[in-house]
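Everything quoted here is computed from the prediction, not taken from an experiment. Keep in mind that the numbers below use all heavy atoms, side chains included, and drop hydrogens, waters and symmetry copies. Letters A, B, ... are given to chains in the order of the sequence lines, protein chains preceding strands, and every chain is numbered from 1.
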Amino acid sequence: MLDITAKVIENRLLSEKGRIYSLTLDSPELSKDCLPGQFYEIKVGGLDSRFLLRRPFSVAFCDDKTVTIRYNVVGAGTEWMSGITPGQMLDVLGPLGRGWPVDKTKKTLLVGGSTGIFSVLGAASHLGDKSRAVLGFRSCDLVNSVEDFKAFGVPVSIITEDGSSGRKGLVTELVKEELDKNEYDTVFICGSTLMMKSVAELLKDYDVDCYVSIEERMACGVGACMGCVVKIKADNEQGWEYKRACAEGPVFNAAEVIW
Amino acid sequence: MLDITAKVIENRLLSEKGRIYSLTLDSPELSKDCLPGQFYEIKVGGLDSRFLLRRPFSVAFCDDKTVTIRYNVVGAGTEWMSGITPGQMLDVLGPLGRGWPVDKTKKTLLVGGSTGIFSVLGAASHLGDKSRAVLGFRSCDLVNSVEDFKAFGVPVSIITEDGSSGRKGLVTELVKEELDKNEYDTVFICGSTLMMKSVAELLKDYDVDCYVSIEERMACGVGACMGCVVKIKADNEQGWEYKRACAEGPVFNAAEVIW
Amino acid sequence: MENTKKVDMTVDIAGIRLKNPVMTSSGTCGYGRDYLDIWSPAELGAIMVKAVSIEPRNGNPPPRIAEIPSGVLNSIGLQNPGVRHFIETDLPWLKSIGATVIVNVVGYTADDYAACVELLDETDADMIELNISCPNVAGKPIGADAKATETLTNQIRNITKKPIIIKLSPNVTSITEIALAAEAGGADAVSLINCPMGMRININTRKPMLANITGGMSGPAVFPLALRMVWQTANAVNISVIGGGGIVKWEDAVEMMMAGADAVFIGAGLFYDPASPLKVIEGLEKYCCDNNLSNVNMITDSLITDR
Amino acid sequence: MENTKKVDMTVDIAGIRLKNPVMTSSGTCGYGRDYLDIWSPAELGAIMVKAVSIEPRNGNPPPRIAEIPSGVLNSIGLQNPGVRHFIETDLPWLKSIGATVIVNVVGYTADDYAACVELLDETDADMIELNISCPNVAGKPIGADAKATETLTNQIRNITKKPIIIKLSPNVTSITEIALAAEAGGADAVSLINCPMGMRININTRKPMLANITGGMSGPAVFPLALRMVWQTANAVNISVIGGGGIVKWEDAVEMMMAGADAVFIGAGLFYDPASPLKVIEGLEKYCCDNNLSNVNMITDSLITDR
Ligand SMILES: Cc1cc2nc3c(=O)[nH]c(=O)nc-3n(C[C@H](O)[C@H](O)[C@H](O)COP(=O)(O)OP(=O)(O)OC[C@H]3O[C@@H](n4cnc5c(N)ncnc54)[C@H](O)[C@@H]3O)c2cc1C
Ligand SMILES: Cc1cc2nc3c(=O)[nH]c(=O)nc-3n(C[C@H](O)[C@H](O)[C@H](O)COP(=O)(O)OP(=O)(O)OC[C@H]3O[C@@H](n4cnc5c(N)ncnc54)[C@H](O)[C@@H]3O)c2cc1C
Ligand SMILES: Cc1cc2nc3c(=O)[nH]c(=O)nc-3n(C[C@H](O)[C@H](O)[C@H](O)COP(=O)(O)O)c2cc1C
Ligand SMILES: Cc1cc2nc3c(=O)[nH]c(=O)nc-3n(C[C@H](O)[C@H](O)[C@H](O)COP(=O)(O)O)c2cc1C
Ligand code: FES
Ligand code: FES
């Protein structure tokens, strides 16, 4: 975990309507230890900002010298981020948490919904053609990053809720079709709680390992405050315990999550 | 009083070391009714700012279409202002308060100390060669706006505390010399409380009218909160009352101020 | 998506029908004249005027204002020209322009309050708000004690038939205890919060930023505290609840009403955005349109607390 | 202008000499391991570890965190693995690296507190901090009542010779009344403030932002409130005062000490700037140099209150 100030080299709009941006930091230090599925806590707002909390973002991909995150403008913090210009310095804490159990010997299905695609994009960058991605979006305006999956050698299927791009429907349909091919050892899912829960439900009928990346509200991001807990099965009297998404997660074994 | 959003057309550094800026707004509306000695309340900070209070600044001068204020970077709000770029929009409330009793039939001595010079610069722009300015600064780094006084036809004498520009000493000395010429009907003073108090003290021995512009901490700036009061002589039992710098002031008759 | 149905913006507070649920709070809008270039008191649900006392008061020495993160600290200390002056000059004007006027009253003793209210009872002031919660005067405020609150409320109840609002202090262990005491004493409404007591120091001069050392906090910094207290209070009493503290934009007003406020007040928010009362009224109306609410009072208590 | 004299950064708190006056506050720094890449607990004056209870606790359901203007709302609800686990795993490690350890203890009943302290008394924990002020558990906290505070303090005083710190709640009418009760009960120090209780609502879902509905406020928003309470408390008691609430930078710590704190704690400030404890220690040292103070404790009470 590093606590550093890094220079932004790109803050590019990927989808006008969706207000999705790709932000790249020039930082060999940050990229060195970074694993797919991990995340960074980024300080948002100027010197006079009312924001106390940093914002968590998954690593989308890294190379030797840079780290890229991708984000959707959803509130005041990401609104501020959308105004960042190259050359600006950002305070970044990370990499944080435990990422995907990436294993190139295993055929992996990557399942992403809306901004959840960035976390699985990190896995795609490591797995390449050992993986395949099914990505769900609300509508075509929000479709982004598909070329990046492909550039990593990962075939992509798209489904949108309104059918404006790719097939029409929910991501679960595509997942079922893929699984029925009986090719996969592992599934990685990141998206809305509803989506992850329904995919995890579906997977009970298949003999595959399944991991989910859970986004909880965070304060510290490092495991110190118990703010970001997720209900996880445990070998105790009550059968469960609260685990920290930022420390024991954000990636959990789906079979252990109590939704 | 207007509550408008105006476009910045210039935010120019006047003194590097002193961090003094000249900010010009493109706003015929604001300039129309603006009198010297009045001030504006400017919203500082971005959308995510922790600043609740606007910052008060005296009008330095106006023309038909623009209003100029000048400011020294002293804290977080003015720090933010120093980053303003032309084209940016600012929320401005004003003009506010009661300004100088400018009267071109009267020979007026303008006395300014540090950022107090901007308020008397407003008077200078109306009085021209009917006035003369004596300006005090801590050191030469802070000397600024002298050319602007001259451009309005106002002769200027400068005194600095460390003698690094103009004479060495306190502004009171120059004021005494000028008054001993017996030329002046009126004196306008804006500067630190200490400076205004000592000049006002001195003036008791002379037969001139004297006005001071008092900067108090403000919340509303419009007379609604009673936040900015100054102790002023009154015809009541206790002999004084608290008057609002933003409404009855910031310019008060020095003879009525209880320091 | 456009919904053109007209929203009923009126609300009943303490038995009086108001144009809308948005007020400006005592001490932040003077006696209604200072923001006239931007809004008229007649456009508001009501104006809560600056505290008046039986005799004029000087208030505290300056500096009286300091900035705090997301807020402001004030130590005005109830400077006012006295209730008689208000009755002679400001009140007739406010009524003549069509404003609904809530008169904030303050006193050193119960008799002071009573004397003020007796004079106001003869006027066409619409409601009386008893300020028993000012953090900027010496001694323990009445609003810090349930028994004292009930006693004072009851005493004033016997003097006037006008609606009585008790302005509650947040500087208490149990806000509901004081609110219930006000209700028991015969109040028609409670308003909250007054300012939490705070302090700032200038580390260069080593002096407190306020001459009075401590002062009252207001602005967005106090919003979560106010919201919690309004929620607790609305769940405890049956009388009207006027909620405020840190409201700047219409979304804040929606939150405050969801927490249980029947009407809201804007105070320090005026310093940030003098036009905020109009924007909040508009925003509430639009919120109702967008959410198919025919009456703005349907926002009140629309909170869902079971997950 | 350079002053190269060495500043004595040590302070005495509750009779124990600390390296410096900067602590990290309970609940924001876990048991000392989570920020190790940035600072070690051994670099602090002391570490106030997350509350421990006699039995493990689950805490409240998520979401437990919401942002507020200049702060954060939390409703953790004292999740912890129990005091025994702490004594077996974290405490020995903390002591082995040279940290001064203040153990924050919580209980449902006085006996719960007593049971915890009995176990801790056998260890080399440096001080006990009784958390009688958590806003996130049901029922009226002990810290809201002077008598209950004195009784509990006294009961614990009879169990341990270790210094006892009472962590005070800001959700009270009179902070000095509770502080004096702690002193009367035999406390060696008070620490304040714990979190003021607040709330936020998501107006889109119409649900409270926290599953527990209300939560505790911290961060710069509460700083002026904390400063005022520390000032009042330091003027009332003769025992050590550990002040915090909203401290993020060294200037805040100077203000807090000027208000009367003998030492300070940083809580939510860690979320904004994880390196803040080190920066505050450095900043205090530099402030002393620049102002010719030979000992950091000279900042405490250096406030000038006469104008
Ligand atoms: C481990 C993790 C990884 C994430 N990765 C990505 C990513 O790669 N790309 C992306 O676009 N988004 C990602 N998110 C969500 C992202 O953190 C939020 O969209 C962002 O914090 C919103 O900030 P805001 O100020 O614009 O919104 P606001 O709603 O104004 O934020 C208010 C507060 O709520 C928190 N918050 C709001 N939405 C979320 C959320 N969905 N999850 C957690 N906290 C939230 C904010 O951090 C802040 O503290 C991730 C979240 C987590 C926990
Ligand atoms: C009527 C009036 C006219 C002024 N005209 C000018 C001018 O023309 N040029 C100029 O440079 N300055 C002027 N000032 C002072 C200017 O308002 C402050 O320097 C400015 O508000 C500092 O803001 P900050 O955020 O940088 O400082 P901070 O110290 O961070 O501000 C904190 C708070 O204190 C207030 N404050 C700080 N210093 C002053 C001060 N001296 N007077 C009043 N409030 C203060 C701020 O407004 C803010 O509310 C004037 C002040 C008044 C009252
Ligand atoms: C400058 C100022 C003066 C105030 N004067 C009074 C007053 O006279 N009577 C009163 O009941 N409340 C007074 N208050 C409290 C406000 O009416 C309001 O209750 C409080 O500020 C919280 O709301 P806000 O955050 O919206 O300002 C005053 C507040 C401020 C900021
Ligand atoms: C996430 C979180 C958890 C907390 N847990 C505890 C706790 O277990 N025991 C305690 O005494 N205080 C607890 N507190 C209160 C802090 O220790 C501190 O008193 C308070 O947050 C004010 O200081 P701050 O503004 O610097 O955070 C907690 C605060 C936060 C933000
Ligand atoms: S955010 Fe603090 S423990 Fe996860
Ligand atoms: S600043 Fe409000 S009355 Fe002057």
Side-chain angles (χ1 to χ4, degrees), chain A residues 1-5 29 33 41-45 47-56 74-77 91-97 193 214-232 234 236-249 258-259, chain D residues 24-39 47 49-51 55-81 209-211 215 217-222 246 248 267-276 278:
Chain A
M1 174 175 94
L2 295 165
D3 171 29
I4 61 171
T5 305
E29 307 92 309
D33 295 318
E41 283 274 7
I42 297 184
K43 199 188 273 180
V44 292
L47 273 180
D48 60 312
S49 165
R50 68 176 145 78
F51 301 139
L52 180 81
L53 299 179
R54 290 165 177 240
R55 294 337 193 220
V74 297
D91 290 323
V92 181
L93 186 70
L96 300 168
T193 306
I214 298 187
E215 297 184 358
E216 246 312 324
R217 304 269 151 166
M218 293 183 174
C220 71
V222 303
C225 78
M226 311 305 290
C228 61
V229 296
V230 178
K231 210 172 193 172
I232 299 291
N236 58 17
E237 242 173 81
Q238 65 191 7
W240 62 271
E241 62 186 330
Y242 281 132
K243 287 201 165 170
R244 300 164 298 181
C246 72
E248 284 90 29
I258 303 180
W259 297 99
Chain D
T24 54
S25 88
S26 180
T28 62
C29 55
Y31 299 102
R33 298 179 202 262
D34 307 298
Y35 284 110
L36 269 184
D37 289 349
I38 304 173
W39 48 264
I47 179 167
V49 298
K50 172 74 188 167
E55 298 301 333
R57 291 201 194 180
N58 290 324
N60 292 319
R64 293 177 172 181
I65 298 290
E67 200 174 50
I68 57 176
S70 297
V72 55
L73 208 57
N74 87 83
S75 61
I76 310 301
L78 300 171
Q79 175 173 354
N80 81 88
M209 293 223 189
L210 302 174
M217 298 165 65
S218 52
V222 310
V248 175
L270 288 167
F271 310 154
Y272 181 76
D273 181 2
S276 55
L278 303 183

Checking heavy atoms, do the side chain of [X], its backbone, both or neither come under 4.5 Å from chain A?
| X | answer |
| --- | --- |
| D/Y31 | neither |
| D/I68 | backbone |
| D/N80 | neither |

Nearest-0.5 Å distance, [atom1] of residue [X] to [atom2] of residue [Y]:
| X | Y | atom1 | atom2 | result |
| --- | --- | --- | --- | --- |
| D/D34 | A/C246 | CG | SG | 7.5 Å |
| D/T28 | A/M226 | OG1 | CE | 13.0 Å |
| A/D91 | D/Y272 | CG | OH | 7.5 Å |
| D/F271 | A/L52 | CZ | CG | 7.5 Å |
| A/L2 | D/D37 | CG | CG | 7.5 Å |
| A/C225 | D/L270 | SG | CG | 10.0 Å |

Open item on the list: Around atom CG of A/L47, are there more than 12 heavy atoms from other residues, nucleotides or ligands closer than 6.0 Å?
Closed with: no
TODO: Might you work through the side-chain contact (heavy atoms from CB on, under 4.5 Å) test for A/R55 and D/E67, ending with a clear yes or no?
DONE: CA-CA 11 Å; A/R55 294 337 193 220; D/E67 200 174 50; 2.7 Å; yes
TODO: Could you pull out the closest heavy-atom pair between A/E216 and D/P62, with the gap in Å?
DONE: OE2-CB, 3.8 Å
Open item on the list: How close do A/M218 and D/I65 get, counting heavy atoms only, and between which atoms?
Closed with: O-CG2, 3.8 Å
Task: Residue pair D/I38, A/M1: steps toward the side-chain contact (heavy atoms from CB on, under 4.5 Å) verdict - done: CA-CA 8 Å; D/I38 304 173; A/M1 174 175 94; 3.6 Å; yes
- [ ] Answer with side chain, backbone, both or neither: which region of A/Q238 has an atom nearer than 4.5 Å to a non-hydrogen atom of chain D?
- [x] side chain
- [ ] Identify which part of A/L53 has an atom lying under 4.5 Å from any heavy atom of chain D, answering side chain, backbone, both or neither.
- [x] both
TODO: Taking salt bridge (charged side-chain N to carboxylate O under 4.0 Å, His left out) as the test, write out the residues that go with A/D48, two or more places apart.
DONE: none
Open item on the list: Set out, in order, the CA-CA distance, both residues' side-chain angles and the distance that settles side-chain contact (heavy atoms from CB on, under 4.5 Å) for A/W240 and D/N58, then state yes or no.
Closed with: CA-CA 9 Å; A/W240 62 271; D/N58 290 324; 3.5 Å; yes
Task: Axial cation check for A/Y242 ring with D/R57, 6.0 Å and 45° limits - done: no
TODO: Determine the option with the most heavy-atom pairs under 4.5 angstrom with chain D, choosing from A/D3, A/N236, A/L93.
DONE: A/D3
Open item on the list: Strictly distance-based, threshold 3.5 Å: is any side-chain N or O of A/R217 a donor or acceptor partner for the main-chain N or O of D/R64?
Closed with: no
